[in-house]
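The block underneath contains the structure these notes are about, expressed in structure tokens.
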There are 2 protein chains.
Amino acid sequence: MNLQSEQADTKDSILNAAECLFAEKGYSGTSLRVLTGKAKVNLAAVNYHFGSKQALLEAVIKRKITPLNQIRRKRVEEVRRQARKEGRRPDANDILYAFIEPTLRFRENERGAKDFVTFIGRSFADPDDTVRKIFFRFIQPMFQLLLEAMREALPHLSENIIFWRLQLSMGALFHTLHICEDIDMDHLNIKDLDADSMVNLILPYLSAGMKS
Amino acid sequence: MNLQSEQADTKDSILNAAECLFAEKGYSGTSLRVLTGKAKVNLAAVNYHFGSKQALLEAVIKRKITPLNQIRRKRVEEVRRQARKEGRRPDANDILYAFIEPTLRFRENERGAKDFVTFIGRSFADPDDTVRKIFFRFIQPMFQLLLEAMREALPHLSENIIFWRLQLSMGALFHTLHICEDIDMDHLNIKDLDADSMVNLILPYLSAGMKS
DNA sequence: GTCTATAGATTGATAGAC
DNA sequence: GTCTATCAATCTATAGAC
């Protein structure tokens, strides 16, 4: 019992520190020395508990992306189900809302989630193939679902166009989410905006772009 | 004469190799050994000709961003001038076109420009403060000009909203430009799209978002 | 499970011969 | 200007005592 809980603490400490440092300094930019220092565990603990730095990366991603995607998937499918029930096409704005709102809510509420979302944004552009591939693996099914839903919503647009407009949306969303952690201009600060305000800022833009 | 031209060749070889490798592997992910290997110059040549790895980074950015920003600035100001002459507000779509078209044309035509534009996209999200700060310094005046022009075009929107919609646009644009170098799905491939087609793909999205 | 100590590789930068 | 050789620091990962 005691052993188990202490192990869990060590693993969690490592995961929390990794989440924070990966967001701030990137995967390659974070050394195990700094990481274990922040987590207040021994340098060898990462390799003992996770096997390697890369396995730790996977664990960090998996821990938060799994429940988040579960919520988002449920919300998007509810939009499609509701539309089908009413004998109409789903609305692009509703689909985007079903994806974005839980993302920003999650970012606001969960411990370390702000770091995690920043990390997602960084990972899209990470030069390290490893990082991009691992992320891609976890994100791909969710993106596929969005693609399907959008094809229902916007049947007059080609799959090609929808694909790239979704990419434009992901780029806009995640760039903004991590730039706002970085920027410090008094009159333009949205660092402390709540989830609803951020949705109101971002959703109209993405929605108009998707339908354009 | 001979000495000068050989020096220029060495410096240019280094700049070209750096541009390519920084785009592909990032600044931190590129070692001077690999870089000088690709440039076919001696390991010590970077420090001799540029002083440090960071000074090389600045030189790489400066070489291409200066002429590119000159063109973009001229085009954006021409849109404002024309509108003023006709006694109307500039159109947001025209402003975006004046920024994006030269960017994509440049990307298509100039040697190494595709790498450079990819590198810009990566740098927005680079975890290394140094990289982001240097880029920010070179990009800031151009962004400021866009901000001003957009405030003229969209006077009913607050400066705050315009600022963040421009950020959304930059995120969408540069994410898409470097994801399209990375993606390899036959039916969705735009890797070999020409500049005009890319403008047609991206501009309506950004334009609708800005005006939303 | 936790710790120290260290292997083994790689990094940016530089000194000094040519 | 170009080269070799090397320093000093850093990295991931692991072996072995406790």
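Throughout, protein chains are lettered first and strands after them, A, B, ... in sequence-line order, and every chain is numbered starting at 1.
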Completion exercise
Between CG of A/L56 and P of D/dA13 the distance, given in whole Å, is 10 Å
Practice task
List in chain and number order the residues that pass side chain to side chain donor-acceptor pair (under 3.5 Å) with B/N93, two or more places apart in sequence or in another chain; answer none if no residue qualifies.
Solution key: B/S207
Problem - Separation of atom CG in B/N42 from atom C1' in C/dA13, rounded to whole Å - result: 13 Å
Problem - Residue B/A44, side-chain atoms from C-beta onward, closest of D/dA15, D/dT2, D/dC3 - result: D/dC3
Completion exercise
When rounded to whole Å, the CZ to P distance for the pair B/F50 and C/dT14 reads 16 Å
Practice task
May I ask you to verify if any side-chain N or O of A/T10 is less than 4.0 angstrom from the OP1 or OP2 atom of C/dG1?
Solution key: no
Practice task
To the nearest Å, give me how far apart CD (A/Q54) and P (D/dC11) are.
Solution key: 19 Å
Problem - Distance-only donor-acceptor check, side chains A/Y27 and A/T130, under 3.5 Å - result: no
Fill in the blank from the handout: With B/E19 as partner, the option from B/K64, B/K62, B/K38 fulfilling salt bridge (Lys or Arg N to Asp or Glu O under 4.0 Å) is B/K64
Fill in the blank from the handout: From OH of A/Y48 across to P of C/dT2 the rounded distance in Å is 7 Å
Problem - All side-chain contact (heavy atoms from CB on, under 4.5 Å) counterparts of A/E148, not counting sequence neighbours - result: A/R80
Exercise for the section: Would you kindly give the CG-to-P distance between A/L35 and D/dC11, to the nearest whole Å? Expected result: 11 Å
Grab the N/O contacts between the protein and nucleotides 8-12 of chain C below 3.5 Å, and write none if there aren't any.
unit_1 : atom_1 : unit_2 : atom_2 : d
C/dT11 : OP1    : B/S31  : OG     : 3.4
C/dG12 : OP1    : B/T30  : O      : 3.4
C/dG12 : OP1    : B/K53  : NZ     : 3.0
C/dG12 : OP2    : B/L32  : N      : 2.8
C/dG12 : N7     : B/R33  : NH1    : 3.2
C/dG12 : O6     : B/R33  : NH2    : 3.3

Problem - Ring centres under 6.0 angstrom apart (A/F119, A/F135) - result: yes
Handout entry: is_close_aromatic(A/F124, B/H175), centroid dist under 6.0 Å
Key = yes
Handout entry: Between C1' of D/dC3 and NE2 of B/H49, the distance in whole Å
Key = 12 Å
